[in-house]
Protein chains: 2
Amino acid sequence: MKATIYDVAREAGVSIAAVSQVMNGKGKISEERRAEILKTMERLNYQPSVIASALTGKKTYTLGLVVPDISNPFFAEIARAVEDQGHEMGYSLIICSTDNKDERVERYLTLLQQKSVDGMIIGTGMDNKDMLKPIMDRAIPVVMIAREMQDLALHTVVVDDFVGGRMSASHLIALGHKRMAILAEHSKVTSSRERVKGFLHTLGEAGITLSDTSVRNCSYTVENGKREALSLLEQPAAVRPTALFCCNDMLAIGALQAAKQLKLRVPEDVSVIGFDNTILASVTDPPLTTIAQPIEPMGKQVVDLLLMELKKRSQDKQRVVMRPELIVRQSTGAPATQG
Amino acid sequence: MKATIYDVAREAGVSIAAVSQVMNGKGKISEERRAEILKTMERLNYQPSVIASALTGKKTYTLGLVVPDISNPFFAEIARAVEDQGHEMGYSLIICSTDNKDERVERYLTLLQQKSVDGMIIGTGMDNKDMLKPIMDRAIPVVMIAREMQDLALHTVVVDDFVGGRMSASHLIALGHKRMAILAEHSKVTSSRERVKGFLHTLGEAGITLSDTSVRNCSYTVENGKREALSLLEQPAAVRPTALFCCNDMLAIGALQAAKQLKLRVPEDVSVIGFDNTILASVTDPPLTTIAQPIEPMGKQVVDLLLMELKKRSQDKQRVVMRPELIVRQSTGAPATQG
DNA sequence: TTGAAAGCGCTACCAC
DNA sequence: GTGGTAGCGCTTTCAA
């Protein structure tokens, strides 16, 4: 059976308080006792129970990461960055894939509370923001990554989505595109909305407007992107968009697949630009031009903010905005025919 | 502050035992008291503490998943499958990325024990199997996924790696290849070893042998695969392999990149076949022929085995072997010149 | 310095 | 049916 603090105390001939003290480096213990206790712990292969110590008002050293889907490379990469930075500081990570469903979000949020996580990192959207209320009421630190929660005072780490959208547009415009379309995520996803907004803004500056049907809302799956792209690209060449701005790499891949299915060449017949610069972007056919998010620094940053908040609750919340970067690969080029 | 069982009891005018009872559906409680208590819990927004209940000898409803790297799509997909099946049964998942480093494995294993997880799912390799001993001594259920631990009685869910290797070889041989090479993972990875073995076995049956330098050990990164593939493909056409069997999709992507860099056409100049059939395989240039692992069923299965073990320790451990499947895409074809 | 003892929130046993 | 109570393993006063 597992050795407890009692076993150690008994074996070492001291009180449990003494053992607790050497573990936490608190109180005053003579060097010899200290050494003796340490030795006994070693011998018994003693592992202090985080559970018990958490119950005593301490921390669980566990964080919750709530994202739409851990199997989505973007979030998987975020998870890794968060895990590493957390691990560095002694924290473990519970992952929660919500599929962007409020009902799953709620269930996970409740679960994380019951498990007394020390803090939560939210990277998923949710329709009903009130779900976060009870958590904040209980003073459980919450930080956002790659998503924003308007009207809620929360530390937030995001990439400048608006600028990312603008970068996309500038790139496409510089290439000579005039007829474009957008594969957006669900409209409740703020980051996607901002990207679209930035894209349209720069288009507007260049005197280009898009018809309503040129902005398609998709879920965040490849299949969905493909379906919407198909309906966009099936149009006659004269009205078909010559470039597709996709709000994430998965959608861009769907677009690539749609183009292939329709025997359209990329980028000659249609340019495709993604967002996120996940590993996927570097392996597609052709390699995807995309807007990079600095995932690792974002993950580090968000954990740092969370731990800072953990140490000392603060009224003013930071909003860290990181700069996106245009990564030009081979899925974008000048349109073959004048649009 | 958070409401406790005492708050509920007081507000409802009953004992904490009564509250505990209705929560766990045990004991006997009159319908009216029951309703009253439920109502009070609701009103106070009471969330029972898993921590406290765990301390009372119950479960933590938390599982640990130990894999090399959660940002690797293969493991990310496994994680999702495991998370879903676990969530279904009320369990949360702590992820642990080890980078296949024993020191990280050990640290995580210790951590998971201290956090009193109910069970662990191991999908990472480790040099020193003794690390698992203390865990098994403590009777913490452990199951393996996509990896084997020889000499250790553990439930295991794997794909038939040997057969997968054979499938690869058969496919390549049928295409007419004679000079082939292998990008293997580190030799300590049993699954990789089996794949190589199966591949070589079938080659042998066809009277084909490989030189020692034709089997390269890599880590599991794209960069590594690329480097090894480069050194393999840089050879003069007369001796250069016409096909590369890669023990996972990441390595295969590295091979694809190496070929591209050397201006070799795939599959005309060199065929590439991967393993795992992650999302990556479907988006490469050209799309990757690969051996599919049934990831989702494997994840489900492994959780089921773990929970079964949790319910009732059993002496005989199962070894579930799932059948791999050859997915032919466009990275393999007949060699352009006779080898 | 050191240790006895009071909880932390909950479960389960047992007496009423 | 119902509630009192003894822990679970650990932290933290507070006396000694």
Side-chain angles (χ1 to χ4, degrees), chain A residues 1-38 40-41 44-62 90 110 113-118 138-140, chain B residues 1-38 40-41 44-62 110-111 113-118 138-140:
Chain A
M1 209 34 227
K2 230 180 126 170
T4 72
I5 197 173
Y6 289 99
D7 301 320
V8 177
R10 181 165 18 77
E11 292 283 319
V14 300
S15 74
I16 60 166
V19 179
S20 174
Q21 263 152 222
V22 342
M23 286 195 316
N24 299 292
K26 295 188 173 176
K28 277 109 202 342
I29 304 275
S30 63
E31 243 338 297
E32 7 178 13
R33 271 172 118 51
R34 200 186 137 67
E36 173 64 20
I37 290 172
L38 250 14
T40 316
M41 297 198 325
L44 264 41
N45 191 13
Y46 171 64
Q47 311 263 34
S49 157
V50 174
I51 297 293
S53 113
L55 188 55
T56 323
K58 303 260 298 190
K59 308 195 298 181
T60 52
Y61 288 98
T62 304
T110 303
Q113 282 179 77
Q114 298 185 175
K115 301 223 163 144
S116 306
V117 294
D118 294 334
R138 287 179 189 186
I140 300 177
Chain B
M1 206 37 224
K2 229 179 125 166
T4 73
I5 196 173
Y6 289 99
D7 301 321
V8 177
R10 180 165 19 76
E11 292 283 318
V14 300
S15 73
I16 61 165
V19 179
S20 174
Q21 257 146 232
V22 342
M23 285 195 314
N24 300 291
K26 296 186 174 178
K28 277 114 204 336
I29 302 276
S30 62
E31 244 339 296
E32 6 177 14
R33 272 170 117 54
R34 199 184 138 67
E36 173 63 20
I37 290 173
L38 251 12
T40 315
M41 298 198 322
L44 264 42
N45 191 11
Y46 170 66
Q47 310 266 31
S49 157
V50 174
I51 297 293
S53 115
L55 187 56
T56 322
K58 302 263 296 189
K59 308 194 300 182
T60 53
Y61 288 97
T62 303
T110 304
L111 223 57
Q113 282 180 75
Q114 297 185 176
K115 301 217 164 149
S116 306
V117 294
D118 294 333
R138 285 178 190 188
I140 301 177

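Sequence lines set the chain letters: A, B, ... in the order given, protein chains first and strands last, and positions in each chain run from 1.
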Quiz item: Under 3.5 Å, side chain of A/Thr60 to main-chain N/O of A/Ala54, donor-acceptor pair present?
Solution: no
Quiz prompt | Whole-Å distance separating the CZ atom of B/Arg33 from the P atom of D/dG1 | solution = 11 Å
Quiz item: Side chain of B/Asp118, backbone of B/Lys59: donor and acceptor closer than 3.5 Å?
Solution: no
Quiz prompt | Value in whole Å for how far the P atom of C/dT1 lies from CD of A/Glu32 | solution = 10 Å
Self-check item: Interatomic distance where NZ belongs to A/Lys28 and C1' belongs to C/dT2 [whole Å]
Solution: 13 Å
Quiz item: In whole Å, what is the span from the CZ atom of A/Arg10 to the P atom of D/dG9?
Solution: 12 Å
Self-check item: Whole angstrom value for the distance that separates P of C/dG9 from CD of A/Gln113
Solution: 15 Å
Exercise. Would you mind checking if A/Glu36 and A/Arg33 are paired as a salt bridge, meaning a charged N to carboxylate O distance below 4.0 Å?
Key: no
Practice problem: Taking B/Asn24 for its side chain and B/Gln21 for its backbone only, find out whether a donor-acceptor pair lies under 3.5 Å. | Solution: no
Practice problem: Mind calculating the distance between CD1 (B/Ile29) and C1' (D/dT2) to the nearest angstrom? | Solution: 7 Å
Quiz item: For B/Lys58, does its backbone N or O pair with a side-chain atom of B/Thr56 as donor and acceptor, under 3.5 Å?
Solution: no
Quiz prompt | First of B/Thr4 and A/Ala18 reached from the 5' end of DNA chain C, by closest nucleotide | solution = A/Ala18
Quiz item: Can you give one letter per nucleotide of nucleotides 11-16 of chain D, going 5' to 3': B for a protein heavy atom under 4.0 Å from the base, S for sugar-phosphate only, - for none?
Solution: BB----
Quiz prompt | For atom CD of A/Glu36 and atom C1' of C/dT2, their distance in whole Å | solution = 15 Å
Quiz item: Is the closest side-chain heavy-atom distance between A/Met41 and A/Met23 below 4.5 Å?
Solution: yes
Exercise. Round to the nearest Å and state the distance from A/Gln47 atom CD to D/dC10 atom P.
Key: 11 Å
